[in-house]
Amino acid sequence: MHAVNAGLYHPLGPEGCRILADALGDTPETVDSAHLLRSGMCKAYVAGDPSRFDGAIVQANDWPTELVGFGSDPQVLWTLLKAVKGWDCGLVESECAPV
């Protein structure tokens, strides 16, 4: 795991978003976020390299209060979440937030 510091995270630029979209792949859980990333309709934050991230957060421009998190390390995702402003809830893998 990479050391994470919430103060270091800024939204990815367009190229970083495209790389992250490719890294997410094409599954029912990722299709919406990948589309937002490729079309420039969101902000994205990552821990690690966008092509091999330890954690990633996608914040849609149209729904900035509802985030989608990718990755299985709750500490990494929590650190990223602290860098994002204006959110109320997030969708993450069940490994990170058991029901």
Side-chain angles (χ1 to χ4, degrees):
M1 178 178 77
H2 295 279
V4 289
N5 179 336
L8 299 177
Y9 296 100
H10 302 285
L12 293 175
E15 180 63 18
C17 286
R18 285 189 289 278
I19 292 168
L20 178 58
D22 290 342
L24 290 177
D26 186 22
T27 68
E29 295 80 20
T30 62
V31 68
D32 289 336
S33 293
H35 169 72
L36 293 171
L37 288 160
R38 287 188 179 102
S39 61
M41 299 186 328
C42 65
K43 293 180 186 169
Y45 302 79
V46 298
D49 186 275
S51 65
R52 295 180 31 199
F53 58 90
D54 293 323
I57 300 292
V58 176
Q59 182 180 35
N61 294 343
D62 287 343
W63 304 282
T65 60
E66 299 179 20
L67 308 179
V68 180
F70 298 95
S72 59
D73 187 324
Q75 185 62 40
V76 170
L77 289 174
W78 178 239
T79 301
L80 287 171
L81 286 170
K82 291 188 286 184
V84 180
K85 305 294 182 219
W87 63 275
D88 291 331
C89 63
L91 175 65
V92 296
E93 294 178 29
S94 59
E95 301 160 352
C96 291
V99 180

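Here the structure is a predicted model, which is why all the values come from computation and not from measurement. Computed over heavy atoms, backbone and side chain alike; hydrogens, waters and symmetry mates excluded.
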Check against side-chain contact (heavy atoms from CB on, under 4.5 Å), V76 and F53: CA-CA 10 Å; V76 170; F53 58 90; over 6 Å; no
Atom pair CG (D62) and CG (L36), whose distance is rounded to the nearest 0.5 Å: 8.0 Å
Minimum heavy-atom distance between G71 and E93, given as atom pair plus value: N-OE2, 3.5 Å
For C42 against V58, the heavy-atom pair lying closest together: SG-CG1, 3.9 Å
Minimum-distance pair of heavy atoms, taken over all atoms of N61 and G40: ND2-O, 3.7 Å
Cluster link V46 to V92, ILVMFWY, side chain under 4.5 Å: no
Would you mind writing out the side-chain donor-acceptor pairs for residues 25-33 within the sub-3.5 Å range, not counting sequence neighbours?
from, atom 1, to, atom 2, distance (Å)
T27, OG1, E29, N, 3.3
T27, OG1, E29, OE1, 3.3
T27, OG1, T30, N, 3.3
T27, OG1, T30, OG1, 3.1
T30, OG1, G25, O, 3.0
T30, OG1, T27, N, 3.0
T30, OG1, T27, O, 3.3

Interatomic spacing from CG in D54 to OG in S72 - rounded to 0.5 Å: 9.0 Å
In one Ile/Leu/Val/Met/Phe/Trp/Tyr side-chain cluster, 4.5 Å: L81, F70: no
Closest non-hydrogen atom pair, A44 against L37: CB-CD2, 3.5 Å
Shared hydrophobic cluster, L12 / V84 (ILVMFWY, side-chain heavy atoms < 4.5 Å): no
Shortest non-hydrogen contact between A21 and A34, atoms and distance: CB-O, 3.8 Å
Path from Y45 to W87 over hydrophobic side-chain contacts below 4.5 Å: yes
Short side-chain to backbone donor-acceptor contact, Q59 and K85, under 3.5 Å: yes
Contact summary for L20 and A56, nearest pair of heavy atoms: CD1-CB, 4.0 Å
Separation of W78 CH2 from D73 CG (nearest 0.5 Å): 14.0 Å
